[in-house]
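Notes to accompany the following structure.
Both backbone and side-chain heavy atoms feed into the values below; hydrogens, waters and symmetry mates do not.
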Amino acid sequence: MCSYIAALDVGTTLIKCCLYDTKKGKRFGQRYERSVDVLTPQPGYSEIDPEQLWNSIVDVLNDVFNSVQSEDKIVCLGISTHRNSVIMWNKSTGRSYGNMLSWQDTRVMPMVESWNNSFSKRFINCVASVAKLFVSNPIIATLAIFGFKTEMVSPRIVWLIEHSEPLRRDLKHNAPVAWGPVDSWIIWKMSQGDLHVCDYSNAAPSGIFDPHARCWSSQVARYLSIPIHTFPTLIDSNGFICKTPSSMFGGREIPITSLVADQSAAAIGVNCVNVGDTKCTIGTGLFISINSGNQCVGGMADNAMYPLIGWKIGDEFTYFAEGNCSDAGTLIDWLQTVGLIREYTELDDICNSVTDTDGVYFVPSFNGLNIPINDFKACAGFIGIKATSTRAHMVRAVIESIAFRAAQLFEIYRV
């Protein structure tokens with residue numbers, strides 16, 4: 001009899017799962033995948049059907065579990081998920097109030113701009129900026145740079161409440177309403193409605209989490225009028241959570257023993273576990289993360305995001321500072337969609353067919369520009385196209401734009 005560990009990754013556009021042999025310490029068999037349909041009903045909107053997402057997760061896990069013999073044992077399942085997509089649902093009925101709003105959704109931009117330009121928010125930033133000149137305190141440093149962003153969960157929750165009459169009605173009548181990131185929804189379904197939880201790494205970038213107190217911010221919740229009873233319970237990134245339902249997966253009841261955000265999982269995967277270690281991962285978006293150990297660093301650079309929690313294991317918290325670019329893999333998908341490439345495999349040959357871009361540059365901002373620009377209205381586009389510009393120059397410019405954004409983020413955090 002063989003024993004395996006199952007690893008499930010729920011990305012923005014792809015769900016992946018594979019098995020690892022506990023004795024050999026190697027991956028067993030192939031990686032199973034299912035694509036995720038990201039819905040864009042209008043410009044700026046990015047949604048995911050929560051039931052389609054769940055069904056795809058079930059299909060992938062069934063593929064993986066059916067790839068081993070019935071007598072083989074899958075000792076545990078670990079789950080990583082993309083962050084800051086949000087869903088709200090009724091705990092009694094299990095039904096969601098519409099689609100999940102993806103982290104790439106920018107419909108809340110007017111709301112975010114209004115909040116960031118409000119007197120109260122500007123006053124807090126100003127006072128903290130002055131205080132930072134005289135006092136070295138991470139909380140003050142965080143308050144000096146804090147601002148709401150379109151990729152945070154908090155403005156999306158407010159948008160859902162404002163635009164769903166059934167949701168407002170249920171909140172008014174104290175119905176058991178819940179919200180959560182992707183990990184909350186998965187565990188709710190896996191536990192068959194018993195658990196409404198969220199791990200610290202998924203909670204930290206939400207915009208309603210206090211990284212210093214290490215808990216949900218009741219002050220921000222009140223400021224945004226988000227009922228505190230709708231929040232998920234915070235749990236560690238590892239340890240027993242629940243078992244897969246006996247009614248699924250051929251009756252296998254597999255302990256789920258890890259729940260962590262995708263960027264945190266990537267950091268662990270590349271051994272970015274010591275203070276100062278830095279990793280860059282490129283998927284749908286691009287993320288650079290710096291390990292700051294157990295220190296909650298309040299502001300590593302101007303316009304930087306506030307501190308994030310990489311993971312909590314036992315009593316130990318590991319913090320990260322992070323910068324990101326929303327568009328990376330999406331750019332390559334776009335190249336294929338508009339016909340600049342036919343297959344991903346030809347990218348190397350096309351880019352290497354020219355020595356440079358001939359002065360052509362591409363602005364990678366289908367979903368706005370994050371730090372240090374922080375212009376979420378920025379549009380993507382080519383600059384410097386001439387009569388001598390070719391398809392190869394344009395393709396190479398798009399690929400180089402990903403590298404330029406990575407370098408820009410790294411230079412910020414290197415200071």
Q.
Less than 4.5 Å apart, side chain to side chain, heavy atoms only: is that true for Phe410 and Ile290?
A. no
Q) Have Asp170 and Tyr97 got a donor and an acceptor in their side chains that come within less than 3.5 Å? A) yes
Q: Please work out whether the ring planes of Phe317 and Tyr200 are parallel, tilted or perpendicular, with thresholds of 30° and 60°.
A: perpendicular
(Q) If you define the side chain from C-beta out and look only at heavy atoms, does anything of Cys280 sit under 4.5 Å from Leu286? (A) yes
Q: May I ask you to say whether Lys172 pairs ionically with Glu165, meaning some side-chain N is under 4.0 Å from a carboxylate O?
A: no
Q. If you measure from the Lys or Arg side-chain nitrogens to the Asp or Glu carboxylate oxygens, is any gap between Lys312 and Glu316 under 4.0 Å?
A. no
**Q.** Geometric cation-pi criterion, Arg27 with Tyr20: 6.0 Å, 45°
**A.** no
Q: Would you mind listing every ring-ring contact (aromatic ring centres under 6.0 Å, His included) that reaches into residues 222-266, with sequence neighbours excluded?
A: Phe65-Phe249, Trp179-Phe231, Trp216-Phe231
Q | salt bridge (charged side-chain N to carboxylate O under 4.0 Å, His left out) assessment of Glu322 paired with Arg83 | A | CA-CA 13 Å; Glu322 180 184 278; Arg83 305 168 306 184; 2.5 Å; yes
**Q.** Audit row: Ser80, Asp9, side-chain hydrogen bond (donor to acceptor under 3.5 Å, both in side chains) steps and yes/no
**A.** CA-CA 5 Å; Ser80 67; Asp9 175 61; 2.6 Å; yes
Q. Is there a donor in the side chain of Asn367 and an acceptor in the side chain of Glu151, or the other way round, less than 3.5 Å apart?
A. no
Q: Please determine, by modelled atom types, if Asp327 and Thr330 share a side-chain donor-acceptor pair under 3.5 angstrom.
A: yes
Q) Do Phe382 and Met394 have side-chain heavy atoms sitting under 4.5 Å apart? A) yes
Q: Check whether the side chains of Thr12 and Gln104 place a donor and an acceptor atom closer than 3.5 Å, and report yes or no.
A: no
Q | Reference residue Glu400; test side chain to side chain contact (heavy atoms under 4.5 Å, CB included); the match among Val395, Thr357, Val360, Asp356 | A | Thr357
**Q.** Any donor-acceptor N or O pair under 3.5 Å, side chains Thr318, Trp311
**A.** yes
Q.
If the threshold is 4.0 Å, N to carboxylate O, is there a salt bridge linking Arg95 and Glu51?
A. no
Q. Strictly by modelled atom types, are Asp183 and Thr81 linked by a side-chain donor-acceptor pair under 3.5 Å?
A. no
Q | pair Val158-Ile226: side-chain heavy atoms closer than 4.5 Å | A | yes
(Q) With a 4.5 Å cut-off on side-chain heavy atoms, are Ile309 and Phe320 touching? (A) no
(Q) I want to check something: taking the side chain as every heavy atom from C-beta on, are Pro227 and Thr230 in contact at a cut-off of under 4.5 Å? (A) yes
Q) Are side-chain heavy atoms of Arg252 and Ile74 found at a separation under 4.5 Å? A) yes
Q: For salt bridge (charged side-chain N to carboxylate O under 4.0 Å, His left out), just list the numbers for Asp63 and Arg34, CA-CA rounded to whole Å, side-chain angles, deciding distance to a tenth of an Å, and then say yes or no.
A: CA-CA 10 Å; Asp63 288 343; Arg34 286 289 191 284; 2.8 Å; yes
Q. Is it true that the side chains of Gln336 and Tyr344 contain a donor and an acceptor less than 3.5 Å apart?
A. yes
Q.
Does Thr281 form a side-chain hydrogen bond (donor to acceptor under 3.5 Å, both in side chains) with Gln263? I'd like the steps, not just the answer.
A. CA-CA 8 Å; Thr281 50; Gln263 296 309 311; 2.5 Å; yes
Q | Pair Asp358 + Arg396, salt bridge at N-O below 4.0 Å | A | no
(Q) Under a 3.5 Å distance rule, please check whether Arg391 uses its side chain to pair with a backbone N or O of Ile350 as donor and acceptor. (A) no
Q: Can you label the angle between the Tyr45 ring and the Trp159 ring as parallel, tilted or perpendicular, going by 30° and 60°?
A: perpendicular
**Q.** Donor-acceptor pair between Asn274 and Asn291 side chains, under 3.5 angstrom
**A.** no
Q: Kindly indicate, with the supporting measurements, whether the criterion side-chain hydrogen bond (donor to acceptor under 3.5 Å, both in side chains) is fulfilled by Asp199 and Asn202.
A: CA-CA 6 Å; Asp199 107 289; Asn202 279 289; 2.8 Å; yes
